[in-house]
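Down below is the structure, laid out as structure tokens.
Each chain gets a letter, A, B and so on, in the order the sequences are listed, and its residues count up from 1. Only this structure's heavy atoms are used, side chains among them; waters, hydrogens and symmetry mates stay out. Just so we're clear, the structure is a prediction, and the values are computed from it rather than from any experiment.
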Amino acid sequence: MNAKRLFHVSLPVLLLWLVSLPVHAAVEAGQILFARGAVSIVDASEAARGGSTGSVFYEGDRVVTGSNSIVQLRLSDGALTALRSNSDYQIQRQRFDEAADVYEQAGRLLSGWMRSVTGAIGARYPGNVSQGTSVATIGIRGTAYQIIHVPEEGLPEFPNLLPGTYVYLEEGQVEVSNQAGSRIVSPGQVVRSARAECGPGTCS
Amino acid sequence: MPPKADPVGQDAMILNRPFLRLLVSSAIAAAFSVQAALADPTTLISAAKTELAAGNADAAFSALQAEEARYAGNIEFDYWLGLAANRAGKSGRAMFALERVLAQKPEHAAARLELATTYARLNLGEAARRELDILDGQNPPPAARQQIAQLRHQLGLGDQARRLDKRIAFVTLEGGYDDNVGSYPKDFGLPGLPGPDAIESPYGSLSAGVRQRVDLQSNQRLTLSLNGMVKRNTDDGSDPLGNDDATQFDQDFVGGRAEWSRDLDGQREIAVGADLGYLQLDGEHYYSYLGADAEWREQATAETRVLLTFGLRDMQFENDSYDNLMSRLRGGVRHRLNNAWMLNGDIAVEYEAQKNQRPGGDAVRAILSGSASWLFLPNQRLTGDLSYARTEYSTEYGAPFNDTRTDDRIVVGVQWDKTIRRLWQVKARAQYRDQDSTLPTYTFDQTSGSVSLTRYF
């Protein structure tokens, strides 16, 4: 194959790749570090694709686990998030660009159990990291924490837990807040937010 | 004009078949060798082990963590990453790596033991015990059994600390020596009348107390406490030195307190309390009090806690003329400098409103106090404390003084304490008090020393 033919063959491929670029213009948020069991990645249009070790996920994607499953996510700033069975977690925002001084991270646990360890964003701008559920927002000031969100219909993994968001802090400090108030959580403490209109740790 | 070089021809020359074949085969070979090297973290693990053996856990962790995205899922890599993370104090990270090992190889006993250690460090006692129970079922070797037993012991101590935080009782036995048991003045300030001889005496005391915390709601608690003390001076005046009888200052005290507190947001707290106490000297009522206070507590930073207290206390003396209502405003700072040093500082203003025409009338007192504690060993602490108080009385004392009274008091103390297995505490303290006054009869100094042993339940 001479160079001219190579050029003629390559050009359409290059154009096709360029045309396809907008499809992948979503911001890459990280990749699955480790997965066992049924794990899928669901994009904004509700299209699901299989999630396995090495799978890339984008800002706005949800990572959903089935029964007897575990997945560990590594975000672009080095933060780690683990999900256990029957969990549904959305990467709402993940912007990390040291050169441009962009540090933003936000996630939302729709259901299930997660544990996180903050990465470079949390280390440098802890105020720019947050996790949310339907009843509370957790501002991250610490380094390692667990969140369980039990929806109204309950969670098979945690049959004894009442609905609400439970935040357990392992290291550092986090702030749990909602429309009714906020609360700083210290290591070893568990704070439950029962409802959005009920301040964290105040309603049974 | 010479013809321009044909770029296509140049490319064709570069991309001629033998050259292209060589390039492609080289690239494939390189790719395979890189992939082979990358797929095997043995060299990396060996280097990390060397660093760990040399005590460089941070370096080992950094090297392994840098390759986590590439090797996560490799059991050997994950185990050593978890171990290095633990040694480097990165317990949160350790958990991720060790849980990956066990998700693939549940029988990996070393990883499970390491994970149990991590859970214990993070106060996840239940999770730690669950892992230890699994290990017990795997018939571990004697060395591992020993480690499991140690970890269970540590977890037990943690449980005990949590239990004691909820309800604690204590008994303290103390022995000491006081060179001025009755705070006798240095000088009566009256011409021709020599000052009294201070009464020196060894003493022994027994005190006990109990505190119970009741969680009313997740952010509200009630704390009840009750304590008592019996202090006996041993010099009854029959010694050859000719001391006065020190037993007239024998003390019996009983006091109680109830406090309701509400955690506002995990950082700020309000508390309202009431207390009462009864003291008798040599078997007779000396004073009793009933008080109430309100306190604002705020964790200003991770290291600094700020307190603001307002309190009222009704003091009833056996001699009614000394009865007064004392109001008190106090601001305090508790600052943890680092893991070894703790600094405390308080400033307070008290006002004593007389009830029955007491000598000196009303009094206002300003108090400055501070202390520094140095935890020089995990269970031993040295504390130095210093306080200064100035009290000014509002009305002139009658004859023979005919002057207003202002007291300046300094107290300095040094204390050593050692806690043994969290349930025993040995303490030694030396203290010096000195009071100067515009009325000589209220000047005194006092030096005392004591050793005590406390048992907590």
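- The neighbour count for A/Asp97 CG, taken as heavy atoms of other residues, nucleotides or ligands under 6.0 Å away, is above 12.
- Expressed to the nearest 0.5 Å, how far CD of B/Glu68 lies from CZ of A/Arg74 amounts to 5.0 Å.
- In plain terms, the two heavy atoms of B/Phe96 and A/Gln72 that are nearest each other are O-NE2, 2.8 Å.
- Dense packing is recorded around CD of A/Glu153, with more than 12 heavy atoms of other residues, nucleotides or ligands lying under 6.0 Å away.
- Heavy atoms of A/Thr81 lying under 4.5 Å from chain B belong exclusively to its backbone.
- Other residues, nucleotides and ligands place more than 12 heavy atoms under 6.0 Å from the CG atom of B/Asn338.
- Within a 6.0 Å radius of CZ in A/Arg49, other residues, nucleotides and ligands contribute more than 12 heavy atoms.
- Contact check on A/Arg36 versus B/Glu99 returns no salt bridge, with no Lys/Arg side-chain nitrogen under 4.0 Å from an Asp/Glu carboxylate oxygen.
- Going from atom CG of B/Leu102 over to atom CD1 of A/Ile70 covers 9.5 Å, rounded to the nearest 0.5 Å.
- With a 4.5 Å cut-off on non-hydrogen atoms, B/Gln299 does not touch chain A at all.
- The line from CG of A/Leu33 to CZ of B/Arg70 is 12.5 Å long, rounded to the nearest 0.5 Å.
- The neighbour count for B/Glu107 CD, taken as heavy atoms of other residues, nucleotides or ligands under 6.0 Å away, is above 12.
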